[in-house]
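Here is the structure we will look at, set down as structure tokens.
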Amino acid sequence: MSEFSSTLLTAVSFGLLFAAALASMLVGRRRLWITWLVFPLMGFAGLAALLAAGVVLLGNPGFDSTLPLGLPWLPWHLRMDGLSAFFLALIGIGTITSSLFGPGYVREYLRGPYPLGLLGLMTSLFIIGMELVVLADDAFSFMIAWELMSVSSYFLVAYQHHQPANRRAAFLYLLMAQIGAVLILLSFGIFASFGGAFTFDAFRAIQLSPIWASVAFGLGLLGFGMKAGMFPVHAWLPEAHPVAPSHISALMSGVMLKVAIYGFVRLTFDLIGTLYWSWGVVLLIVGSVTALFGVLYALMQNDVKRLLAYSSVENIGIIFIGLGLAVLFIGAGYPKLGSLGLIAALYHALSHALFKSLLFLGAGTILQQTHEHDMGKMGGLIRRMPWTALFFLIGCISISALPPFTGFVSEWLTFQTALQATILESGVLRAVVPITAAMLALTGALAATCFVKLYGIVFLGQPRSRRVKHAREGTSGMLWGQGLLAGLCLLFGILGAPTVAILSRVVAGLTGSHVTSATAHGWLWLTPVAPEVASYSGPMVLFGVTLALLAWGAVYLLLCKHRRLKPIQRGPAWGCGFGRLTPNMQYTGTAFVMPIQQIFRPVWRVHEEQQRELSTELRSHPTQLGYQLQIEDITWRWLYQPVVKLIQASARKVGLLQTGNLRHYLTYSFVTLVVLLWLIS
Amino acid sequence: MSGFLDTYAYLTLTEQAILTLAAMVLVSSFALLAQSRVVATIRLFALQGFLLVVVTALVALNTQEYHLFYSAGLTLLLKVWFVPWLLTRQARRLGILRDLDSLLRPGVVLIAAGALVIFCYSVALPIQRFAESITRDAIAISLAVVMLSMLMLITRRKAITQVVGFMSMENGLFFGAVTATQGMPMVVELGVAFDVLIAAVVFGVFFFHIRDSIESLDVDMLNQLTEVDE
Amino acid sequence: MVDFLNPADWVFVWLQTLLFVLLAPLFSGWIKWLKCLLQNRRPPSLLQPYRDLLRLVRKDVLLADNASVLFRGAPYIICGCTVLAASVVPLLVLHQPISAMADVIVLVGLFALARFFLALAGMDVGTAFGGMGSSREMTVSALAEPAMLMVVFTLSMVASSTNLSTLVEHGLQQQSVLRPSILFALIALIMVAIAENARIPVDNPATHLELTMIHEAMILEYSGRHLAMMELASQLKLTTYAVLIIDLFFPWGIAQSASAAGLGMAVVAIAVKLSLLGLLLALGETAVAKMRLFKAPTFLAMSFALAMIGMLSFVILESSK
Amino acid sequence: MSALFWTLLTPLAGGLLLALIPGTRLAARLNILISLAGFLFSIWLANAVLRQGALDNQYFYIDAFNVYLVALTNLVSFTTSVFSRTYMLHEFEIGRVSERQMRLYHASFQAFMFTMLLALTTNNLGVLWVALEGATLATVLLVSLYRTPASVEAAWKYFILCGVGIAQALFGTVLIYLAAAKVVDGPDQALLWSSLIRHATELEPTVMGIAFVFLLVGYGTKIGLVPLHNWLPDAHSEGPTPMSAVLSGLLLNVALYAVVRVKVLVDGALAGGGEHAPQLAGYLMMSFGLLSFIVAGLFLHRQRDIKRLFSYSSIEHMGLMTFAFGLGGPLATFGALLHMTVHSLTKSAIFVTVGQASQLSGTQSIDHIRGVIQTQPAVGWGLLIGTLAIAGFPPFGVFTSEFLLLSATMQTLPWLTIPLLVGLGIAFAGLFRHLHPMVFGNRPEGLMPIKATVWPVVLHLALVLWLGLSIPDFLAHWFDQATILISGSGLL
């Protein structure tokens with residue numbers, strides 16, 4: 001019965017998405033269709049997917065089916081197990097919230113040059129692609145779904161193609177998506193060449209030799225890592241995510257990156273099966289570097305969405321750290337701790353899906369209202385858009401891994417797993433793991449700095465430009481979308497134990513080891529290993545924080561109702577003797593992170609430029625000062641540019657073949673013939 | 001060298017004649033390669049064609065494959081008369097009949113041509129099954145003629161001499177087909193002849209197109225379409 | 001294992017937290033008092049911090065024109081988080097139900113949450129000072145927090161637990177063992193505590209010199225009861241750190257259970273240890289000058305390195321298998 | 001049999017008819033009708049072959065391998081003729097071509113179709129050669145149709161290089177005849193593929209080896225294998241676009257078809273012993289294929305002309321197919337056959353849109369074609385989606401075939417996947433770095449949409465999409481039979 005219901009719900013989800021795609025194609029000039037037909041259809045599709053996943057996550061069996069598509073001897077296999085269900089749920093949540101947010105957001109495009117139908121069509125295809133990826137059960141349909149996801153999101157990145165930056169980003173995105181896909185394909189190819197079949201079942205049955213397994217793992221890591229935004233193959237991410245429409249950015253950063261993580265987990269933990277601890281070390285190194293790199297670059301950004309994109313890189317690093325711990329512990333013979341690491345990674349995937357979607361939706365609201373990307377022009381939005389400000393604050397707290405919100409639980413679980421490293425036999429490993437944890441700690445602290453900067457500059461203080469001054473709150477749909485995510489951020493921050501219980505079931509399907517201890521003490525307490533080792537109670541922390549807020553409420557009531565306290569008075573802040581405060585007196589984003597920039601200087605390629613116009617009378621007295629700071633991703637210089645140069649140079653060399661002279665061409669033909677004759681004789 | 005047998009002496013007279021003619025065809029190829037005057041090139045080409053006609057006729061006699069006489073007639077018509085006539089006429093109309101097509105380093109080219117002949121022979125040498133008959137030698141010669149014609153195509157700059165080279169290549173093929181295999185099936189022969197005819201006509205048309213566009217027939221000046229950075 | 005939901009225990013938790021809150025101004029008064037003595041000034045009364053707080057509460061609140069809701073809510077949240085953090089740290093009795101609520105990582109998290117709001121509040125009005133303070137605070141904490149976590153990791157690897165009660169108990173059981181890791185961790189933690197609590201040489205709580213201040217810059221715009229809460233929170237934070245250091249490294253005397261004798265003993269022990277720690281701090285603050293702001297990262301990097309060495313020495317020297 | 005007769009007669013008679021008819025507009029319409037008739041006849045033929053099995057007589061040999069190519073050729077010819085009507089009439093209206101040239105164009109178009117169909121259906125390797133040479137002759141005057149210096153130059157190079165190449169192929173054919181004459185009874189039988197394949201193992205291996213070299217170099221010139229490819233971009237870029245579409249989509253296929261037919265023979269001969277490695281033909285094809293694939297990918301980066309760009313892409317894909325056929329084995333062969341189909345469909349669709357885009361912008365220069373999506377969305381999207389398809393993005397069929405090829409490579413020679421993948425990446429970047437600014441961005445001032453027939457593109461891309469999502473049973477069956485013919489064993 002339940003198997004039937006999950007199948008049915010999944011089918012309904014796909015059906016609705018196809019209907020949405022069809023409707024988008026028919027939109028033409030009927031723009032209201034988008035608002036009243038396409039987005040609701042998508043929303044319900046997301047809901048259906050969420051329910052389908054929920055049915056399976058709550059312990060019912062998944063399903064297994066084939067579709068009459070694909071190759072004659074290889075129809076598309078679809079299968080839903082716990083892992084698929086978990087990621088399908090993420091997709092469902094992302095879809096629901098972005099379709100709540102979408103109708104309000106796309107009003108901006110109503111009069112623009114970009115066709116709305118295309119947006120709807122590609123969004124539907126994008127979601128279909130993602131859902132198919134997590135359900136695919138053979139390499140062929142997986143690749144098709146994967147590329148469908150890439151291509152449709154490419155169109156979404158290129159949607160506002162009149163800006164050259166967007167075109168460039170889209171190109172880069174598509175290129176790297178393609179390369180990544182090819183690497184993944186190659187990784188699957190290794191299985192196929194040993195097993196001769198392309199179904200995941202056949203893959204699972206194969207026992208690869210350590211070398212081939214490592215090659216498959218490495219290719220998979222690179223391929224999926226490229227999509228997920230792993231350092232140093234992340235370069236497309238900070239370019240592409242910011243330029244897509246914001247609800248798409250939310251889907252891309254919040255959900256698509258998780259789909260890449262899904263692929264990696266599926267490949268590593270399910271298909272390869274036999275894990276080696278050395279892979280774990282690789283993952284830990286890659287993860288910590290990615291996390292640290294991401295956050296340091298995020299810190300330096302002044303474009304809101306770009307900052308969020310780099311922060312996605314950071315969070316992917318954290319997820320990889322969790323995965324690395326899982327592989328390491330399983331490889332070293334501690335499946336239970338490995339499961340815990342995997343739970344932490346999946347939990348962080350969930351957290352990141354929630355808060356990054358939330359933040360991108362918030363950024364979208366800001367963008368729609370102010371038409372500004374640059375936070376140097378913002379400020380004081382908390383007074384203009386209080387609800388968005390509240391939700392964004394929740395997002396910022398969550399992403400900074402602060403209790404009692406969801407980001408904290410997942411990082412806490414990661415720490416707890418890392419601290420179990422003492423039981424490992426190898427001294428090197430015992431040292432590596434805690435150092436990774438230290439990197440994680442550093443990352444977390446820097447992330448907090450980053451988001452204080454973001455929130456402080458954007459929402460607090462005084463508006464720095466006129467457009468921002470006239471910003472208004474987004475539509476109710478947009479607020480509902482954000483509110484829902486904010487609520488979930490809190491919910492999953494508090495209900496750590498029940499969530500871990502579900503995740504534990506999911507993970508047990510892969511590692512075979514059930515982490516029962518984590519939730520052994522009821523829903524109130526999360527005890528990953530044992531209660532005397534570590535415990536966390538989200539609800540009680542929330543209770544404590546609520547008490548503080550209640551105290552505020554009480555004071556407020558006393559103040560307003562009973563007039564026991566004197567009412568609050570307002571007055572101008574001191575402007576340091578320069579008269580009233582002006583927006584220019586505020587700290588800028590660049591100034592805010594200047595101390596950190598000084599500390600970690602070599603990490604970035606910094607281009608600083610100062611302009612100074614001196615007054616004519618007093619040579620030492622500048623009338624105007626200008627300062628420009630550009631941060632360039634070092635991977636460009638050390639990785640991408642050399643590759644580009646190499647290709648350009650080889651192309652130039654090869655171009656010498658085509659001299660334009662017929663006699664040269666005849667000579668080629670002649671020489672070819674002679675050489676071949678000589679070869680065979 | 002005790003096992004040495006003068007196999008040549010055991011061949012029939014016709015076969016000896018065929019081989020002699022083959023040598024002459026080869027020589028004509030060399031001559032084509034060395035000749036730089038347009039009109040002389042065309043005439044040499046006609047001569048080569050005539051040698052082919054004779055060879056074809058001899059083979060036809062030798063093997064009683066009488067359809068080869070048709071081939072011989074066709075060749076006479078096409079390669080000895082029509083193509084040289086056409087080329088001469090066009091060259092005259094273009095006013096290049098007496099031109100020289102300067103050959104770069106003729107000495108080197110001729111030495112290379114000699115080496116090429118040896119190479120062709122070494123390629124044909126391992127063909128075991130036909131070692132006893134003249135077939136193998138015929139293959140070697142025709143291969144050499146084809147290769148020498150290619151060399152001619154490479155070293156010539158005039159469109160018209162390139163066409164002669166191209167046609168001479170066809171001659172080499174034809175020679176191979178006749179001597180080694182006693183001619184191809186008739187349908188193929190006819191098809192080939194038809195193609196040669198059309199090709200000759202199209203070539204004729206092209207000379208004028210080329211002259212109209214670059215005011216010369218120097219193929220080295222046809223170099224607009226290139227991928228090399230200027 | 002303590003029964004998590006025993007009401008009597010919870011009453012005790014409340015009482016101890018109350019004690020903590022009440023103690024905090026006294027501890028900071030004590031340090032001030034000692035410092036004055038050391039610097040040959042006439043000390044204020046030990047109760048002066050209480051008087052200051054009361055005076056502030058009674059005063060009117062004056063808000064900047066463009067201060068937002070966040071600015072008004074922040075003191076409550078900051079104060080609440082700090083109290084919550086303090087309630088987790090065992091002051092008198094070892095086993096408490098609340099220690100299961102939050103382990104030492106959560107403790108760091110709670111402080112971080114408080115700091116998050118503090119930094120935001122600093123930026124709310126839009127003065128240059130506020131932004132400057134927030135920027136510096138976040139910079140310092142970005143380095144201090146990982147160092148703190150490293151210390152925590154070292155200790156929790158030694159004790160195989162991050163639960164505060166378990167950690168303290170572990171310390172009690174093997175009091176005479178000299179571990180290099182613990183030594184390094186102690187020094188690192190003290191350095192972190194100094195940085196986190198805005199003490200000399202990282203920051204000077206007594207100055208309002210714009211070029212050097214960190215903490216004070218953020219709360220410049222606060223007044224009245226808001227300022228009182230901010231002050232109380234920072235005093236409480238200082239005390240919590242002090243108690244934490246005592247608990248983790250010198251836990252002797254803490255009561256194993258809530259018996260009268262044990263409690264009495266514990267009160268005496270904690271009073272003595274806090275006084276001594278205060279003395280050390282005052283001595284240090286008198287002897288050392290405040291360093292330049294851009295030296296602070298070096299200071300913190302050192303604490304991070306020490307914590308790291310501590311952990312590595314545990315992994316390499318003390319736990320080889 | 002009668003189906004075959006009509007299939008061949010239609011373009012032949014059509015060509016003669018069109019050579020005589022003066023009215024340009026009428027001729028354009030007739031061209032479509034003739035191509036449609038040819039297409040319908042070819043379906044009839046395919047149906048007949050599918051029912052009655054292979055057709056094999058003195059003159060013609062039709063099995064699963066070529067009958068589907070016949071159908072494909074006719075389909076592409078039909079859709080191209082539809083496109084060609086609007087395109088060429090536009091060229092006529094703006095005065096780029098005269099009425100006489102239009103007549104030449106239409107006649108040559110059908111003549112070209114005839115030669116291709118003849119090459120595909122004939123049983124005789126000699127006739128195959130004649131037909132391929134005929135194809136060159138039929139198209140060479142079309143390449144220089146515009147009479148610009150560049151087009152004349154391209155045509156001359158095309159003519160000489162393909163002529164020389166094809167002459168080499170003839171030498172190869174002669175050698176095969178020589179090898180077969182002793183084995184096969186009757187000189188008339190000695191060039192018939194059907195009898196050659198029966199006696200394949202008895203053919204003299206050394207001669208067959210040399211013959212294959214000549215045939216590979218000869219027909220390889222037509223396929224566009226590096227370093228024999230030099231004529232291809234020139235000829236494709238300078239001729240009228242419908243011609244480029246059929247050249248890229250069809251002629252290259254037919255040349256490859258010829259090589260594959262010969263390869264089967266040579267494999268048979270070499271399997272019997274001799275001093276060559278049994279996979280000599282395969283190795284040669286693989287090396288040429290791989291070299292072409294990578295070099296063409298690099299060339300893509302340097303293009304300034306949109307049609308040159310896509311003709312290099314054709315070289316790249318032909319290289320891939322040659323590689324796959326060389327690799328052998330059922331999986332690779334199946335993939336190569338599929339790739340032939342989808343590449344034809346996609347590339348001809350791309351050339352259609354390329355033609356429209358360059359007419360729209362009035363230039364073939366990549367630097368000056370801008371914002372096509374904005375100016376004329378149908379053309380822009382066609383170009384973009386077509387390029388995505390050819391670049392190997394699913395769910396288009398090119399992905400399926402490349403997937404099969406890669407996995408086949410992975411199974412037999414895993415290390416070769418590395419250059420393949422590098423090549424794919426380079427080619428992809430090369431295509432898209434040029435495509436992006438062309439389709440996206442703001443529309444240039446003063447450009448007006450042109451009259452463009454879009455449905456052929458839609459049809460082709462829809463077919464490619466269909467093949468990517470699911471290969472219909474009858475087609476899979478066809479491919480499988482062809483796979484059995486070529487590689488000896490099937491997949492299904």
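Side-chain atoms are counted along with the backbone in the values below, which use heavy atoms only and exclude waters and symmetry mates. Here is how names work: the chains are called A, B, and so on, in the same order as the sequence lines, proteins then strands, and each is numbered from 1.
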Original post:
So does A:F194 have more than 12 non-hydrogen atoms from other groups sitting under 6.0 Å from CZ?
Top reply: yes

Original post:
Counting only heavy atoms not in A:W678, do more than 12 sit closer than 6.0 Å to its CH2 atom?
Top reply: no

**OP:** Using salt bridge (Lys or Arg N to Asp or Glu O under 4.0 Å) as the criterion, list what pairs up with A:R168, not counting sequence neighbours.
**Re:** A:E239

Original post:
Which residues from residues 141-151 of chain B are near chain A, with near meaning under 4.5 Å between non-hydrogen atoms?
Top reply: B:M147, B:M150, B:L151

Original post:
So does B:F82 have more than 12 non-hydrogen atoms from other groups sitting under 6.0 Å from CZ?
Top reply: yes

Subject >> Whether over 12 other heavy atoms sit under 6.0 Å from A:W638 CH2 >> reply: no

Original post:
Within residues 644-677 of chain A, which positions have a heavy-atom distance to chain B below 4.5 Å?
Top reply: A:R652, A:G655, A:L656, A:Q658, A:T659, A:G660, A:N661, A:L662, A:R663, A:Y665, A:L666, A:T667, A:S669, A:F670, A:L673, A:V674, A:L677

Subject >> A:Q630, CD: over 12 other non-hydrogen atoms inside 6.0 angstrom >> reply: no

Original post:
Using non-hydrogen atoms and a limit below 4.5 Å, what part of residues 165-173 of chain B faces chain A?
Top reply: none

